[in-house]
Chemist: 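Once you've had a glance at the structure underneath, I'll fire off some questions.
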Amino acid sequence: MLKFVIRRILIMIPQLLILSILIFALAKAMPGDALTGRSINPKANPQEIEKIREEMGLNDPAYVQYYHWIKNVAKGDFGVSYTHKINVVDVIGDRIGNTVLLALCVFLVTYLLAIPLGIISGRYSDTWADKLITGYNYLGFATPLFIFGIVMLFVFGFYFDLFPTGGSVDPQIADGTFAYYVSKLDHLVLPTLSGALISTVGISQYLRSEIIDTKVKDFVRTARSKGVPESKVYSRHILRNSFLPIAAFLGYEITGLIAGSVFLESIFGYPGIGQLFVKSVMLRDFTVVNALVLMTCLATLFGTLISDIILSIVDPRIRIE
Amino acid sequence: MSLLKVDNLKVHYPIRGGIFRTVVDHVRAVDGISFELNEGETYGLIGESGSGKSTAGKAILQLTQATNGSIKFLDNDLITLNKKQMRAFRQEIQMIFQDPYSSLNPKKRIIDLVAEPLRNYETLTAEEERERVLYYLDKVGLSPESLYKYPHEFSGGQRQRIGIARALTLQPKLIVADEPVSALDVSVQAQVLNFLQDLQEEFKLTYLFIGHDLGVIRHLCNRIGVMYRGRLVEEGTTEDILNNPQHIYTKRLIAAIPDIRPEVREEKIKERQEVRKEYQQNASSYFDENGRPFDLKPISDTHRVALP
Amino acid sequence: MELKIENQTHITEQRKSPSGFSVIWAEFRRDKLALGSLIVLGLIIISVYGTSLILDQDQIVKVDFLSIYQPPSSTHWLGTDYGGRDIFGQLIIGTRNSFTIGFFITIITNLLGLALGLIAGYFGGWVDSVVMRIIDFFLSLPTLMLIIVFVTVVPKFSIINFVLIMSLFLWTGKARLIRSKVLSESELDYVAAAKAIGTPNWKIIISHVLPNVSSLIIVAFTLNLAGNIGIESGLTFLGFGLPESTPSLGTLVSYATNPDVLQNKLWIWLPASCMILVLMLSINFIGEALKRAADARQRRG
Amino acid sequence: GGDTKTSTTTKQIDQAAFPIKVSNNKKSISGGILKYGLVSDTPFEGILNTVFYEGDPDSQVLQFFDEALLSTDENYIYDQDGAATYKLSDDKKTITLKIRDNVNWTNGDPVTAEDLEYSYLVIGNPKYTGVRYDSQMSMIEGMEDYHNGKAKNISGVKVIDPKTISITFKEANPSVLTGLWTNPLPKKYLGNVPIDKLASSDQIRKAPIGFGPFKIKKITPGEAVEFEANKDYWNGAPKLDGVLLKVVNPTIATSSLANGDIDIASVSADQYDQAKKLKNISLIGKTELAYSYIGFKLGHYDAKNGVNVMDNPKFQDKRVRQAMAYALDNKSVGEKLYKGLRVPATSVIPPSFPKYFDKALKGYTHDPEKAKKLLDEAGYKDVTGDGLREDPNGKPFKINFASMSGGDIAEPLAQFYLQSWKEVGLDVQLLDGRLHEFNSFYDMVEKDNPKIDIFAAAWGTGSDPDPSGIWAKNAPFNYVRWVNNDNDKLLKEGISAKAFDEKYRQEVYDKWQELVNDEVPVIPTLFRFGLDGVNKRVKGYDLTAGQGFQGHLQDITVTSKESEKNK
Amino acid sequence: MSKPLLEIEHLTTSFRINNQYYPAVDDVSLTVHENEVLAIVGESGCGKSALALSILGLHSNNRTKMNGSISYKGTNLLTLNDSKLNKIRGKEIGMIFQEPLTALNPLMTIGKQIEENLDFHTDLSRSQKKERALELLDQVGIPKPEVTYKQYPHELSGGMRQRAMISIAIACNPSFIIADEPTTALDVTIQAQILDLLKEIQKKTKLGIILITHDLSVVAEVADRVAVMYAGQIIETGSVEEILNNPLHPYTRSLLNSIPTTHSKNQRLHIIEGTVPPLDKLPRTGCRFSHRIPWIQNYAHENQPILHEVTPNHYVRCSCYKHFHFKNEKGAPIINVSIKG
Ligand SMILES: Nc1ncnc2c1ncn2[C@@H]1O[C@H](COP(=O)(O)OP(=O)(O)OP(=O)(O)O)[C@@H](O)[C@H]1O
Ligand SMILES: Nc1ncnc2c1ncn2[C@@H]1O[C@H](COP(=O)(O)OP(=O)(O)OP(=O)(O)O)[C@@H](O)[C@H]1O
Ligand SMILES: [Mg+2]
Ligand SMILES: [Mg+2]
């Protein structure tokens, strides 16, 4: 197992390296740099800006810049954000907590919803309940997340005034108090629900078809021939086997969650790394962009690793040496 | 005259592992077998599942890469031939596959399936092609209407006959038949076996017949080789093997064959128990310290056994 | 007891399980929803592509200050947007553009996935390893982020570029799917049989393996197509979408980000949203029917 | 134009549409918390220091707890009402500031002359990477030596006593009264942080101090800042208990105003329709220090010699430029597209400089006939009969137009311009068929990308009326690369010692504005209103005096405990 | 002969194909006694599995219709609801399937799968259950029960899996076992072991067994009585000696004759022409085998063939057997070919 993990981690290195080159090249290919926009102040001195550029190494050949960058990244130093003037790690650190929290909530609620829905519509396929759920799934497929989010925001945030409409916490509440955490949760409700209600769709639909497939497998018939009651046939045989492919894909969920938070954070004014990313692209804050892309990629890779480990635990056919 | 001479043939499949997916070990699917096929005879290869029968057959057709050894067909070593030279021999050796359902492409019509080898090797007009295909279809007893049908419109036996027709179009000398009847019902199996015999006569074919049903092998073959874990443990004429099995594995195999006569039931069970006892007592003397069967040693002109 | 098979005519009462189009057609006849969807989709596509030939895109995206935010009327069937531009025209052209985008993304990703999936699955071994590594690599990428970065990098943001960028990241799933199917197909004896009769590899891939994965491809294609319609809407929302001079369903839907439009000017975003919904649903239903037709077990009894 | 007339014009423009201050006759309650909405789709960066911040969101946070030592009058000229008073030497080269005695940092330390000196030392330091080291900075005596590491101190910045400091310039320049740097840094508080670490230090990011009417109580990074009253504020304790600043997404700003989540927020044009229906807020507005324009690329910037070279033949004929200006209907754009939140620009000095804005200029009003006539005269005629004009040589005359994306209105606006030019027979195309995102746009414009023929952009002028930074022959920001002797002469005169005479300066700038108007190197298109939605419980919010809250923040009150809701 | 355990009467099981029901098991009546092995043989697709699954009601309800009666120890299984059937499934009647790999849950250890049977039919404690499972594994001849107990199906060889399958089926000491082609997927050597094992268990516990197979030699080895199925019907039934030594129905005779034997060497085998038609194409009147023996005149077949008792307990359907003969290459009849060559 340990050997497997080490091997997988070793494989990640070239992956990340390739990605780092790619993302670095892309960042360089973007028109303008972090200093382009400064010229908007007519009094700013262009020679000075040029000097800063020189000093920041923005005029070095790309490979030199890359070398410096990757050398530092290897040490865990992603450089200094051009716009925030502090270490990228700190910029991200300020926000990642929020995003992780949001992603976690979306993730949890998604599965809490998707699994029962999937089970119901898979087990009772072609009944009205299944049709209802499938209908919801179709609608969910067709509804863009951002539209749904906005509608949720206006209906529950503004019209009914039930939930806060922006931010991650009520700023007037002191950190660490009970009310503070309640407020954090309160702020999470709308974005979480919006995200989860949409992302539930794919999983429950997938689970449904897995269950329908597993239902007719031979070993299910064996279980029935043993006199196992129907409910146990499901809980012991069908469901466990149907969850496998979902577990296998758990690791890749991270990419989806990040993409989801980009939208959710923009809609609900929730300060996290999704929003940070969009802004950093717009402001050409390469250090932040690069770091975020690398980080999410790393997170996905670890996600898949964990997912594989989980899978190897649940599925005895997969052996990790 | 020997048509095919297989000498010390080995096929090892690599098992990959480690960080860089390097080869850590091999599956010794075929681990050094030697036998000869004479023109016009039927040679049976039997053995339990996984003993390397199919792999040996595929290696002879160069469908899988042999690791070692030589396969001499009319004195040409097939293993050393390059792709182009091999092309000529492809026509000479053909194969019939086990599963009549998966060995015919379900999306192709019979005419295309049967004409495919012709198209690969010759340029014929559509008319000539049709004639040739019809000729062979007739040989295997299929009606001309079959031409434009799809495989799923045929029964297993008919499909197997289509597969045979396809192999015949290239007028091969040797046909490797890999369990051609084991997926068929007895009723259908009989059809195919009859055909194989008819065609052998008509086209002077030599068969390498792979199977695990001794009844079928016995019915068809002149000589039999018994495989076990990638190696031959016994080889001889059908009589040698059936009436005078020497290797413990062969004995077990023969004892295991159910008899159609209900009255001999008790005898069979006793026989099996005896063989089992013998096996338990001195199986190890039939294998070397690695559990690998010994090399074949002749015990008569026709009969060779893997004894120490 | 020499027995000779005589003419076989009396036994040719064969198992005639229907194939190809007849199965699909039978499935559609059985599934009224799918048939309806097919008709609806056909009508939409014909009318959208037909009408858009007549419509003048320049005229539609022409800014008209005299008719800003007009509700639906006889001159503007679906009203106008904040630039005084006709929503109906934009809807037609937008549907055309979005459908075209979705269609081409689907085509490209499927072709790419097909080519790589065929090669990897058929040859196996190190070829397969390499392709799978590449696929794994792409799967672990933060796709949305990279797409955004790409969009800002391309000098000219046109439909073609957009299609190419999206395709770059979306082919992997298809390649995986097709590879695994090809892998199992290649293990079937008919491939070995074709090799044995001397058919070259490329020919086996094209004429043997490909037709047998075609039903999977068709199903994947339709279901992807449904997902790829309106794929640009999210980017438009984030501010990385197609320019407004290239109307798309995404652009129209994105207008709803303005709360005023969302609440009070339904005519701007609702038709486009419905269009996305209808297109996706009907394509989905068609895809599901095709899937059932391809997979005997799911066929409705 | 004269000063009196000018100011009335300004008032007309301002007040034609919106009041400049809130009127609230209700009785104030004591204390209360004002909820300020920072309208931005991205969180503020949190560089809460005048020397280091770059983004507008940060400056909005800063205004509550920090300020400059000198305050300005409505013309953005320094007056004597701020935390310090000043005196200009007779040769106008030296300005001496005296900080009032009761001006203290919120941590209790007094604001001293050394604090101001320190901010100069930081800005001039070679390690400083911010944007405050500008041309005016380098005009301070000894600054360049210090900046190049040749001197340890700036000879022109002298601390006379703990509360008095003088700054001497190499030449007399009236800009000293509008653009002098007067934001001190709390030296004692920051003193031991190395300069290159300042921007990321906790003293600036987590616990910044100022000497404004409020002080920071709590920062929720990126989303909110809570302020409490600074009872020791030199100009009197503020009447509010505190201010809560919240980042509000632009798409929901109006809705947040409506349900009383925030009391004050800026309102953009696309939200205006909604905002004006709200009964719980009043809208107040003021023209901003900015104008939009369409520029003609007339040449390129010769970086080696540091001069602009006007060498692009395409628009050398000023009749073409004029014609293109006449073709545009900016009035409709302002009224329809911007709902009246923008008005046609007549000059390149915005009316927010009442003194220097030349109200006599009419600018180019919509007149397609005249445009056609001018083009005909210039020889640009449609010889092929396709409705589009060819150049005098009969070759197709294609113009590439670069425009920036951003905001809802950018796209139809660009389309409208194209349409308008097409109406007079000019074939103008959007560069690359799309709008360009901010960075790419400026990247191309700065580098004189030859694909660009004309471009639409905007200038924020800052509070210094001197236009040299954008217009001088050697100015890299002279994006249109317009070179003109009269122009250079007038610009020089505008900042000469003589120009300390206001009258004289006004005349110079009037002449200059007329010159630009006649030559049309750029077509000024729109002046803009900054519009704020203010909850009806807020009393005393006023945009007249200076910028933002400056000068009256401590006097703002609320008249009810809770914000009014739109019900 | 001892008392009947299972009596199937006029069982018809129909499947829905294109919204119409077609019987796959057509009016089948069978009796199995204690300590008896009844073999059901027939070509692929003749309805053997359909019959087996009908007994325990394992067909999916919404696509299947069943008529007739299946009385097990006096209760009609067809009238029971699922929860009552569950009391019988596994406890009273065990079932063994053909493909042991797919018939075992890949994610459960062998031990757990055996214990599952005990879970629902006994109140043994955990350790007792384990003990019982180990005992069962030992009983079916698994060399290291403790190891196998913890293994997963994919870790076992085909023979081992089938043994595990059997130990599941006999876990609760059922009095009846249905084995649906238990050895078809196995090598001959393994097949022999499994058959011996079944026989052995039966001897010990006096089980009634229905053994489904298409291999007549297997029948010869283990069965007491034989029922030959064709196209959903039983066309011949009798003791194993009767059926194998004195087959009457043309189908049975053809079947026996197509088996290659030592004596058939270099001879031609008999072949049965044509195939069993699919369910929805099956003619439901007359002798269903008639189209595969076209040289037997029509008059020879009954219109509604019934089972005739020819000798005691030897039944054969349709009187065409009286006229059946093999034919030579000229189509001329050969009467009464000896069966064992
Ligand atoms: N492509 C392959 N890669 C790795 N191992 C293989 C491959 N093909 C076969 N083997 C292994 O080689 C051994 C011999 O297989 P082969 O198919 O020749 O057996 P067989 O005697 O034909 O068995 P059966 O009777 O089941 O057909 C088996 O252990 C099998 O798992
Ligand atoms: N669930 C079902 N739905 C529809 N038809 C079915 C179903 N199960 C079986 N059949 C059909 O019923 C007939 C009998 O099938 P059955 O599985 O009983 O055959 P079998 O004798 O067991 O054959 P094999 O030897 O191949 O197992 C076949 O024609 C089969 O196609
Ligand atoms: Mg094989
Ligand atoms: Mg069966």
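In this text the structure is predicted, and so the values were computed from the model without any measurement. Protein chains get the first letters and strands the later ones, always in sequence-line order, with residue 1 at the start of each.
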Chemist: Look up atom NZ in E:Lys199 and atom CZ in B:Arg265, then write down how far apart they are to the nearest 0.5 Å.
Modeler: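 Reported value, rounded in 0.5 Å steps: 5.0 Å.
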Chemist: Mind checking the CG-CG spacing from B:Asp185 to E:Asp215? Nearest 0.5 Å is all I need.
Modeler: 10.5 Å
Chemist: Given heavy-atom pairs under 4.5 angstrom as the criterion, report whether the side chain, backbone, both or neither of B:Leu253 touches chain E.
Modeler: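 Answer is both: backbone and side chain atoms of B:Leu253 are under 4.5 Å from chain E.
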Chemist: Look at the side chain of B:Arg261 and the backbone N and O of E:Leu244, then say whether any donor-acceptor pair between them is shorter than 3.5 Å.
Modeler: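 Looks like no, no N/O pair under 3.5 Å.
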Chemist: If I compare all heavy atoms of E:Thr189 with all of B:Arg252, which pair ends up nearest, and what's the gap?
Modeler: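 Distance-wise, the nearest heavy atoms are CG2-O, 3.9 Å.
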Chemist: Chain E heavy atoms under 4.5 Å from B:Gln273: which part of the residue, side chain, backbone, both or neither?
Modeler: neither
Chemist: Please round to the nearest 0.5 Å and tell me the distance separating atom CG of E:Leu195 and atom NZ of B:Lys268.
Modeler: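 Between E:Leu195 CG and B:Lys268 NZ, I get 12.0 Å after rounding to 0.5 Å.
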Chemist: Please report the closest heavy-atom contact between B:Val188 and E:Glu43, naming both atoms and the distance.
Modeler: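 Result for this residue pair: CG2-OE2, 4.5 Å.
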Chemist: Between E:Ser254, E:Ser258, E:Gly158, who has the most heavy-atom pairs with chain B when the cutoff is under 4.5 Å?
Modeler: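 Maximum pair count with chain B is reached by E:Ser258.
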Chemist: What heavy-atom pair brings B:Gln191 and E:Ile272 nearest, and what distance separates the two atoms?
Modeler: NE2-O, 3.5 Å
Chemist: Nearest 0.5 Å please: distance from the NE2 atom of E:His214 over to the CD atom of B:Gln189.
Modeler: 8.5 Å
Chemist: If you take all heavy atoms of B:Asp259 and E:Ala220, which pair is closest and at what distance?
Modeler: O-CB, 3.1 Å
Chemist: Would you check if E:Ile259 and B:Ile260 make a side-chain contact, meaning some heavy-atom pair closer than 4.5 Å?
Modeler: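 Yes, close enough: below the 4.5 Å cut-off.
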Chemist: Do other residues, nucleotides or ligands put more than 12 heavy atoms under 6.0 Å from the CZ atom of B:Arg223?
Modeler: yes
Chemist: State, to 0.1 Å, how close B:Ile257 and E:Glu221 come at their nearest heavy-atom pair, and which atoms those are.
Modeler: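 Heavy atoms of B:Ile257 and E:Glu221 come nearest at O-OE2, 4.2 Å.
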Chemist: Indicate yes or no: at least one non-hydrogen side-chain atom of B:Leu193 is less than 4.5 angstrom from one of E:Pro260.
Modeler: yes
